[in-house]
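Report on the following structure.
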Amino acid sequence: MSKILVVEDEELTRRNLARFLGGRGFSVTAVESGEEALQLVRSAAPDLIVLDITLPGKDGLTVCREIREQGLTTPVLFLTAKDQEIDKLTGFGVGADDYLTKPASLLELEARIRVALRRTSGDEQAGPVETYKWDDVRVDFTTHEVFVRGELVELSAKELDLLRFLIQNRGKVVSRQQLLKHVWGYTDDVTSRTIDTHVLNLRRKLADVEGECTVIQTVRGAGYRFTG
Ligand code: CA
């Protein structure tokens, strides 16, 4: 069952959307503010977000931009009230996947949601991650730069590839076999010990002030999991 996060401050619209989408076989979480949406986007891991633009506090455009800055590629379908907002969507490159002008037809909304979900399903890695942030760490894969507490940290090309693969599969357990295939490509003479050494180095370089790197977890007998 696909999970939809609905972000809409107008109560009646929010309730109608939640009821309708729930009745169409989606698992729906509905919230009234951008702040709540940002909190939920990681923990609830929705498959798609229906995002109203005009919200009190952080507006929909800001919310979408912040979601993208976190490296999340969750499809976002905007609800817009006026043409002016559509200009912003197309002009500012906020990472919107689609939009509907309010009052939106519910059947049209459902159709757009299904199209967006089809586009992303079967694409496990959901496009390349370009930048990613957690706690005090910021990674820019386009410039190959990693900053920990504002300080540039040197990562080898392999460590960077390894980090990228873990981030692209965040929340999931990645086996050493997968790492061998996707990061090392079976080309080098590597053993699981090589992988463990790289993970160890990566953890050391990305460690927090306590000298720990809890975002890269070892899952006994299975592999590793990135949870940042
Ligand atoms: Ca609104």
### Query
Is it true that E159 and K205 make a salt bridge, defined as a side-chain N closer than 4.0 Å to a carboxylate O?
yes
### Task
May I have the step-by-step check of side chain to side chain donor-acceptor pair (under 3.5 Å) for T62 and D59, ending in yes or no?
CA-CA 5 Å; T62 308; D59 68 7; 2.7 Å; yes
### Minimum side-chain heavy-atom gap R170-R225 below 4.5 Å
no
### Query
Which distance, rounded to the nearest 0.5 Å, do you find between the CZ of F26 and the CG of L17?
12.0 Å
#### Entry: Interatomic distance, T143 atom OG1 to D140 atom CG [nearest 0.5 angstrom]
3.5 Å
### Summary
Rounded to the nearest 0.5 Å, the CD1 atom of I49 sits from the SG atom of C64 at a distance of 7.5 Å
### Message
Please enumerate all residues that pass salt bridge (Lys or Arg N to Asp or Glu O under 4.0 Å) together with E151, with sequence neighbours excluded.
### Response
none
### Query
So how far is it from L79 CG to E10 CD, rounded to the nearest 0.5 Å?
9.5 Å
### Query
Rounded to the nearest 0.5 Å, how far does OG1 of T29 lie from NZ of K3?
8.0 Å
### Task
Supply the atom-to-atom distance W184 CH2 to H198 NE2, rounded to the nearest 0.5 angstrom.
5.0 Å
### Message
When you measure from the side chain of R176 to the backbone of L180, do you find a donor-acceptor pair of N or O atoms at a distance under 3.5 Å?
### Response
no
### Query
Under the side chain to side chain donor-acceptor pair (under 3.5 Å) test, which residues partner E32, sequence neighbours left out?
none
### Pairing of R15 and E11 as salt bridge, 4.0 angstrom limit
yes
### Task
Apply side chain to side chain donor-acceptor pair (under 3.5 Å) to R138 and list each qualifying residue two or more places apart in sequence or on a separate chain.
none
### Query
Mind checking whether L5 and V7 have side chains closer than 4.5 Å, heavy atoms only?
yes
### Query
So, are R14 and D52 salt-bridged, with charged N and O less than 4.0 Å apart?
no
### Query
Are E145 and L152 side-chain neighbours, meaning at least one heavy-atom pair lies under 4.5 Å?
yes
### Query
L107, I4: one ILVMFWY side-chain cluster at the under-4.5 Å cut-off?
yes
### Query
When the aromatic ring centroids of F226 and W134 are compared, is their separation below 6.0 Å?
yes
### Task
For the pair R112 and D98, find out whether any cationic side-chain nitrogen is under 4.0 Å from an anionic carboxylate oxygen.
yes
### Query
Side-chain contact, heavy-atom cut-off 4.5 Å: T131 with R68?
no
### T214 side chain reached by T227 side chain, heavy atoms, under 4.5 Å
no
### Query
L160 versus V146: any side-chain heavy-atom pair under 4.5 Å?
yes
